[in-house]
There are 2 protein chains.
Amino acid sequence: MSDRRTAILEAAATVIARRGVRGLRVEELAVEAGVSKALIYYHFEDRTGLLRRTLTFVNNRAERYTAEQSAVDATTDPGAATGAAPTSGPLRQLEQALLLELQDLPHVRENSTAWGELRASAVFDPELRGELALASVIWVREVADQLGEVRPTAPESALVASAERLTALLEGLSARWLSGILPLTDARTRMREAIGVEVAHLAGHTADRSADGTPTSPNKLD
Amino acid sequence: MSDRRTAILEAAATVIARRGVRGLRVEELAVEAGVSKALIYYHFEDRTGLLRRTLTFVNNRAERYTAEQSAVDATTDPGAATGAAPTSGPLRQLEQALLLELQDLPHVRENSTAWGELRASAVFDPELRGELALASVIWVREVADQLGEVRPTAPESALVASAERLTALLEGLSARWLSGILPLTDARTRMREAIGVEVAHLAGHTADRSADGTPTSPNKLD
DNA sequence: GTCTATAACGGGATAGAC
DNA sequence: GTCTATCCCGTTATAGAC
């Protein structure tokens with residue numbers, strides 16, 4: 001809504017990505033947003049309130065660019081060239097969605113960094129947990145749905161479990177990338193492999209459901 | 001070595017686990033360690049230097065309790081009762097080693113929290129990256145070796161890739177657990193499943209090498 | 001709504017005695 | 001090696017004019 005307000009939130013994401021949550025200085029934020037310090041306190045209760053709002057803001061923005069990218073996907077399709085990956089429709093879409101977070105583009109890096117920072121902050125600041133948990137659940141749900149399109153016969157519980165593993169892995173890889181432990185290309189490769197592994201795993205689940213909906217074999221991996 | 005010095009490091013891990021790196025106050029640390037602020041600056045260059053030392057300290061301590069636990073493993077073996085998990089020797093050892101980090105015991109939680117915090121800090125403080133990267137490489141190496149014992153014929157590169165995925169996943173799950181997004185039991189379940197999935201995946205790799213006396217069935221789920 | 005100026009204080013770092 | 005006392009800067013947050 002308000003011009004200035006969103007400008008402050010954009011700036012907050014930028015500054016957090018640059019300095020981290022612990023490094024965010026209200027003064028620097030004010031300069032970045034082109035407003036005065038006092039205005040920040042006028043619009044947001046206090047520093048923590050600002051962080052909370054920034055969390056949801058960053059999250060909304062991520063959904064937005066995910067949607068944009070999905071639109072682009074229809075156009076680009078290099079899946080034919082490489083014999084490596086079985087890039088059929090829904091699977092490719094899933095890969096795109098997850099790999100989107102592992103890119104060295106300014107706003108993606110900004111989002112990933114801010115997200116990681118805010119998640120880390122939530123360990124010690126319970127006030128941030130509400131937004132965080134909600135966003136996480138939604139994200140897992142989305143990934144589970146996409147997995148469901150790749151493996152329509154896999155049981156719901158297995159889809160959610162796979163989605164939780166994939167999203168948690170993505171966060172882990174992202175943290176390593178951003179902290180300079182793991183090169184970006186490696187992170188992307190690991191992520192792609194993991195998707196393949198999980199999809200293969202879900203195929204196994206599919207096989208289990210021989211007749212109706214009831215898994216007959218007591219598989220060890222539930 | 002020095003009594004006081006290690007006391008400070010122990011206290012640092014405790015305080016970081018309680019307040020986070022951003023919440024670590026040299027004063028509080030001094031109280032926790034039962035020393036004066038000045039002594040901390042005498043033993044460690046400055047705040048960052050202290051953090052760097054704490055990072056390696058925490059890491060060494062983790063190795064230590066991993067070793068202790070491995071010793072205990074020989075005694076305890078409930079693998080026979082439950083038909084759920086294929087807890088053969090090396091596989092069980094691997095599971096133990098990884099699940100060790102997902103336990104609600106004071107010193108484990110302390111280590112995990114401190115490790116997560118320091119990793120998060122490294123995103124913005126390059127001074128911390130050296131220790132971090134080294135520790136990470138060593139850990140991946142260890143897990144890869146353990147995977148190698150479970151799947152002796154799997155190629156080295158596949159073992160390392162799996163190890164990287166598993167350790168990154170563990171960090172991701174740990175972060176979610178500690179930030180209150182994911183219940184501990186869920187995190188543990190996801191981790192166990194992932195190990196199963198990865199081991200099954202490596203079995204596939206094994207099948208690829210048809211010549212060297214390995215069962216040729218390319219079954220994904222063993 | 002938005003600014004400038006300033007209060008109020010927390011906390012990192014050092015001096016110097018013992 | 002370890003302490004007490006203190007400096008002083010950076011940072012959050014508010015007061016009050018426009």
Side-chain angles (χ1 to χ4, degrees), chain A residues 1-55 57 113-114 117-118 120-128, chain B residues 1-55 57-58 113-114 117-118 120-128 131:
Chain A
M1 302 295 177
S2 162
D3 243 343
R4 304 282 198 172
R5 211 186 138 90
T6 48
I8 293 171
L9 289 172
E10 301 251 10
T14 303
V15 175
I16 288 175
R18 186 162 55 220
R19 311 267 185 228
V21 164
R22 79 206 74 209
L24 184 147
R25 305 287 164 241
V26 180
E27 171 105 44
E28 183 179 2
L29 170 57
V31 172
E32 179 74 28
V35 300
S36 69
K37 279 198 295 179
L39 190 61
I40 293 170
Y41 286 97
Y42 173 79
H43 279 300
F44 307 91
E45 317 77 281
D46 56 5
R47 197 174 179 280
T48 304
L50 169 72
L51 292 178
R52 236 182 20 231
R53 299 302 185 135
T54 306
L55 183 67
F57 174 78
T113 307
E117 272 291 292
L118 290 163
S121 300
V123 176
F124 306 99
D125 189 349
E127 286 190 67
L128 295 174
Chain B
M1 305 292 178
S2 160
D3 245 342
R4 304 281 199 173
R5 209 186 139 90
T6 47
I8 293 171
L9 288 171
E10 301 251 9
T14 302
V15 175
I16 288 175
R18 185 162 55 220
R19 311 268 185 226
V21 164
R22 78 207 76 209
L24 185 148
R25 304 289 163 239
V26 180
E27 172 105 44
E28 183 179 4
L29 170 55
V31 172
E32 179 75 29
V35 301
S36 68
K37 277 201 295 180
L39 190 61
I40 293 170
Y41 287 96
Y42 172 81
H43 280 299
F44 308 91
E45 317 76 283
D46 56 5
R47 197 174 178 279
T48 304
L50 168 72
L51 292 178
R52 234 179 25 230
R53 300 302 185 135
T54 306
L55 184 66
F57 174 78
V58 164
T113 307
E117 271 291 294
L118 290 162
S121 301
V123 176
F124 306 99
D125 189 348
E127 286 189 67
L128 295 175
E131 274 87 351

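Hydrogens, waters and symmetry mates play no part in the numbers below; they use all other heavy atoms, side chains included. Letters A, B, ... mirror the listed sequences (proteins, then strands); counts begin at 1. All values derive from a computational prediction rather than experimental measurement.
- Put simply, CG on A:Leu51 is 13 Å from C1' on D:dT12, counting in whole angstrom units.
- Put simply, the side chain of B:Glu32 never gets that close to the backbone of B:Ala11: no donor and acceptor are under 3.5 Å apart.
- One can place CD of B:Glu27 at 12 Å from C1' of D:dT4, the figure rounded to the nearest angstrom.
- Within 6.0 Å of atom CD in B:Glu27, 12 or fewer heavy atoms from other residues, nucleotides or ligands are found, so the atom counts as exposed in its surroundings.
- As a whole-Å value, the separation of A:Glu28 CD from D:dG10 P is 14 Å.
- Going from atom CD1 of B:Ile16 over to atom OG1 of B:Thr113 covers 10.5 Å, rounded to the nearest 0.5 Å.
- For the pair B:Arg47 (side chain) and B:Leu24 (backbone), a donor-acceptor distance under 3.5 Å is present.
- Without hydrogens or angle criteria, B:Arg53 side chain to B:Leu9 main chain gives no donor-acceptor distance under 3.5 Å.
- A:Leu50 comes within contact range of no nucleotide atom at all, as no heavy-atom separation falls under 4.0 Å.
- Within the 4.0 angstrom heavy-atom criterion, no nucleotide atom of any strand lies near B:Leu29.
- Remark: P of D:dA13 and NE2 of A:His43 are 17 Å apart, rounded to the nearest angstrom.
- Nearest to the side-chain atoms of B:Lys37 among the listed nucleotides C:dA15, D:dT6, D:dA13 stands D:dT6.
- Note on B:Arg47: every side-chain N or O is 4.0 Å or more away from OP1 and OP2 of C:dA13.
- As rounded to whole Å, 12 Å separates atom C1' of D:dT12 from atom CG of A:Leu24.
- D:dT2 atom P lies 8 Å from atom OH of B:Tyr42, rounded to whole Å.
- Put simply, CZ on B:Arg22 is 18 Å from C1' on C:dG10, counting in whole angstrom units.
- Of the candidate nucleotides C:dC3, D:dT4, C:dG12, D:dT4 has the atom nearest to the side chain of B:Ala38.
- Between B:Arg25 and the phosphate of C:dG12, there is a side-chain N or O to OP1/OP2 separation shorter than 4.0 Å.
- Under 4.0 angstrom from either OP1 or OP2 of D:dA13 there lies at least one side-chain N or O belonging to A:Tyr41.
- The listed nucleotides are D:dC3, D:dT2, C:dT2; the one nearest the side chain of A:Arg4 is C:dT2.
- Nucleotide C:dA17 holds its P atom 19 Å from the CG atom of B:Leu39, rounded to whole Å.
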